[in-house]
K.L.:
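If you scroll down you'll find the structure; I have some questions about it.
Hydrogens, waters and symmetry mates are skipped; everything else that's a heavy atom, side chains included, is used.
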Amino acid sequence: MTQGDSEIQFFPDDPTPAEPAGVAPEPAPDPGVPAGPVAAWADRVMVEIEKVYVGQDDLVRGVLAALLAEGHVLIESVPGLGKTLLVRALGRVLGCDFNRIQFTPDLMPSDVTGSPVYDEKQGDFRFRPGPVFTQLLLADEINRAPAKTHAALLEIMQEFRVTVDGTGYPIEKPFLVLATQNPIESEGTYNLPEAQLDRFLFKLMAGYPTAAEEVDILRLHTAGSGPDARLGQDVETVTGPAEVLEVQRLCASVLVDGRVLDYIAALVRKTREWPAFSLGASPRAGVAILRGARAIAALEGRDFALPDDVQEVAPWALRHRVILTPEAEVEGQTPDDVLAELIRSVPVPRL
């Protein structure tokens, strides 16, 4: 090509238009950002709890789901896994009142509910509220108290009120009871009857932390201040009781398809005919699964429940509502093992 010739350029047949100058492309949505208001609320709560509470993600998720579903939780674990710290942290983050009751064989119902005391100034009896008048209650080692004390607490859990001398005293909502029991000690304990276990929405299990989590726990105690000090200094209140009641209302409005309802009913009915169970679950178990599935869906940022939500909460809602046969116990089976097999046997609906 000589100096005067024009240069020939070749372009592709389907050119891609350039972005206009000064206009930035729209950012892609971040898949990690919660999509719904309940999920965004839970994300704020989790960020604060994780400042002092390490690991036990399933336990924390189950407790939040029970709170959203307006139910109570029975936690089975050995001592020293931070259950008290979790409830205290949850109370601070939620801006709710917190009380703890250490259950003992000599604990009386009035020690839980409160009792009338004589007021010398007024010359009459007045009601002195007990520790149950709170919003988050940790009932530690509940199976160490006698049946009469169990019945007093469980009645309050069901009716959200205390009745003394014919007068009713309402419990302020939100109201969440987390009861614990130790699975390794049976001496000096009073097992909860099956009818009383049925009052708990979920039964959650807390296991030992992983090696990495245990190192993180130790690190919390070597940073110049322990978790208790950090709870007062670093953990912030990011919500309040009014907002908790609002997210509970949103969870109750989560849509549930008729096929999901059929799936829940099939799971519950299957427990009554499964050969490894001598006692199956009652219809209240199905209601617990439904409420829990709605809460999990809301935590995931959805306004509709899926069969996956049902499968996640089914062991939480069923493990304390079924009884193994003696043969299954001798074989070393656990309710969770049998429930996992049962859930796999029920066809999952397509939505």
K.L.:
Where the side chain of Arg291 meets the backbone of Ala69, is there a donor-acceptor pair that is under 3.5 Å apart?
P.N.:
yes
K.L.:
Without swapping roles, check the side chain of Arg88 against the backbone of Phe98 for a donor-acceptor pair under 3.5 Å.
P.N.:
no
K.L.:
Do Trp41 and Val244 come close enough that some side-chain heavy atom pair is under 4.5 Å?
P.N.:
yes
K.L.:
Angle class for the Phe160/His72 ring planes (parallel below 30°, perpendicular above 60°, tilted otherwise)?
P.N.:
tilted
K.L.:
Check Val235 against Arg92 and note the closest heavy-atom contact, atom names and distance.
P.N.:
O-NE, 2.7 Å
K.L.:
His320 and Phe202: aromatic ring centres closer than 6.0 Å?
P.N.:
no
K.L.:
Do Leu67 and Ile156 share a hydrophobic cluster (ILVMFWY, side-chain heavy atoms under 4.5 Å, transitive)?
P.N.:
no
K.L.:
Say whether, by atom type as modelled, one donor and one acceptor occur between the side chain of Lys51 and the main chain of Asp234 under 3.5 angstrom.
P.N.:
yes
K.L.:
Could you report the tightest heavy-atom contact between Tyr53 and Leu81, atom names first, then the distance?
P.N.:
OH-O, 3.3 Å
K.L.:
Keeping the roles fixed (side chain from Asp165, backbone from Thr167), state whether a donor-acceptor pair exists under 3.5 Å.
P.N.:
no
K.L.:
How long is the span from the CG atom in Leu255 to the CZ atom in Arg302, to the nearest 0.5 Å?
P.N.:
11.5 Å
K.L.:
Does the side chain of Pro307 come within less than 4.5 Å of Leu351's, by heavy atoms?
P.N.:
yes
K.L.:
Checking side-chain hydrogen bond (donor to acceptor under 3.5 Å, both in side chains) for the pair Glu141/Gln102: CA distance, chi angles, key distance, verdict?
P.N.:
CA-CA 7 Å; Glu141 294 188 293; Gln102 180 64 52; 3.0 Å; yes
K.L.:
By the side-chain hydrogen bond (donor to acceptor under 3.5 Å, both in side chains) test, which pairs, at least two apart or in different chains, include something from residues 339-351?
P.N.:
none
K.L.:
Tell me whether Ile343 is reachable from Ile264 by hopping between hydrophobic residues (I, L, V, M, F, W, Y) whose side-chain heavy atoms are closer than 4.5 Å.
P.N.:
yes
K.L.:
Please check if any side-chain donor atom of Thr104 sits under 3.5 Å from a side-chain acceptor atom of Asp106, or the reverse.
P.N.:
yes
K.L.:
Is it possible for you to say whether Leu197 and Ile75 belong to one hydrophobic cluster, with membership spreading through side-chain heavy-atom contacts below 4.5 Å?
P.N.:
no
K.L.:
Is there a donor-acceptor contact under 3.5 Å from the side chain of Glu48 to the main chain of Glu236?
P.N.:
yes
K.L.:
Are Val73 and Ile142 in one and the same hydrophobic cluster, where Ile, Leu, Val, Met, Phe, Trp and Tyr link if side-chain heavy atoms are under 4.5 Å apart?
P.N.:
no
K.L.:
Does the Thr149 side chain pair with the main chain of Leu107, one donor and one acceptor, at a distance under 3.5 Å?
P.N.:
yes
K.L.:
Testing the basics here: between Leu318 and Ala281, what is the closest heavy-atom pair and its distance to 0.1 Å?
P.N.:
CD2-CB, 3.7 Å
K.L.:
Please answer whether the main-chain N or O of Thr210 pairs with a side-chain N or O of Glu213 as donor and acceptor at a distance below 3.5 Å.
P.N.:
yes
K.L.:
Evaluate the side-chain contact (heavy atoms from CB on, under 4.5 Å) criterion for residues Val348 and Tyr263: first the C-alpha distance (whole Å), next the side-chain angles of each, then the deciding distance (0.1 Å), finally the verdict.
P.N.:
CA-CA 7 Å; Val348 180; Tyr263 183 49; 3.7 Å; yes
K.L.:
Looking only at heavy atoms, what is the nearest atom pair of Ile296 and Glu312, with distance?
P.N.:
CG2-OE1, 3.5 Å
K.L.:
To the nearest 0.5 Å, tell me how far Leu290 CG sits from Asp309 CG.
P.N.:
11.0 Å
K.L.:
Over all heavy atoms of both residues, which pair between Gly55 and Val60 is shortest? Give the atoms and the distance, please.
P.N.:
O-CG2, 4.4 Å
K.L.:
So how far is it from Gln56 CD to Met205 CE, rounded to the nearest 0.5 Å?
P.N.:
11.5 Å
K.L.:
Would you call Ile101 and Phe103 a side-chain contact if the rule is heavy atoms closer than 4.5 Å?
P.N.:
yes
K.L.:
Below 4.5 Å, heavy atoms only, C-beta onward: do Gln181 and Lys203 meet side chain to side chain?
P.N.:
yes
K.L.:
Quick check: are there more than 12 heavy atoms from other residues, nucleotides or ligands sitting under 6.0 Å from CZ of Arg269?
P.N.:
no
K.L.:
Evaluate the side-chain proximity of Leu154 to Met157: yes if any heavy-atom separation is below 4.5 Å, no if none is.
P.N.:
yes
K.L.:
Under 3.5 Å, is there a donor-acceptor pair between the side chain of Gln135 and the main chain of Pro241?
P.N.:
no
K.L.:
Please report the closest heavy-atom contact between Arg100 and Leu137, naming both atoms and the distance.
P.N.:
N-CD1, 4.4 Å
K.L.:
Just wondering, do Asp198 and Ser282 contact through their side chains at under 4.5 Å, heavy atoms?
P.N.:
yes
K.L.:
Would a distance-only check, ignoring hydrogens and angles, find a side-chain to backbone donor-acceptor pair under 3.5 Å from Thr134 to Asp97?
P.N.:
yes
K.L.:
Hey, quick one: are Val287 and Val322 part of the same hydrophobic cluster, counting side-chain heavy atoms closer than 4.5 Å, chains of contacts allowed?
P.N.:
no
K.L.:
Can you confirm whether Val38 sits close enough to Cys251 that some side-chain heavy atom of one is under 4.5 Å from a side-chain heavy atom of the other?
P.N.:
yes
K.L.:
Quick check for you: to the nearest 0.5 Å, what is the distance between Gln248 atom CD and Leu68 atom CG?
P.N.:
7.0 Å
K.L.:
Take a 6.0 Å sphere around CZ of Arg272 and say whether it holds more than 12 heavy atoms from other residues, nucleotides or ligands.
P.N.:
yes
K.L.:
Taking the side chain as C-beta and beyond, is there a heavy-atom pair between Leu138 and Asn99 under 4.5 Å?
P.N.:
no
K.L.:
So, does Thr325 use its side chain to make a donor-acceptor pair with the main chain of Ser278 at under 3.5 Å?
P.N.:
no
K.L.:
Could you check whether atom CG of Asp58 has more than 12 heavy atoms from other residues, nucleotides or ligands sitting under 6.0 Å from it?
P.N.:
no
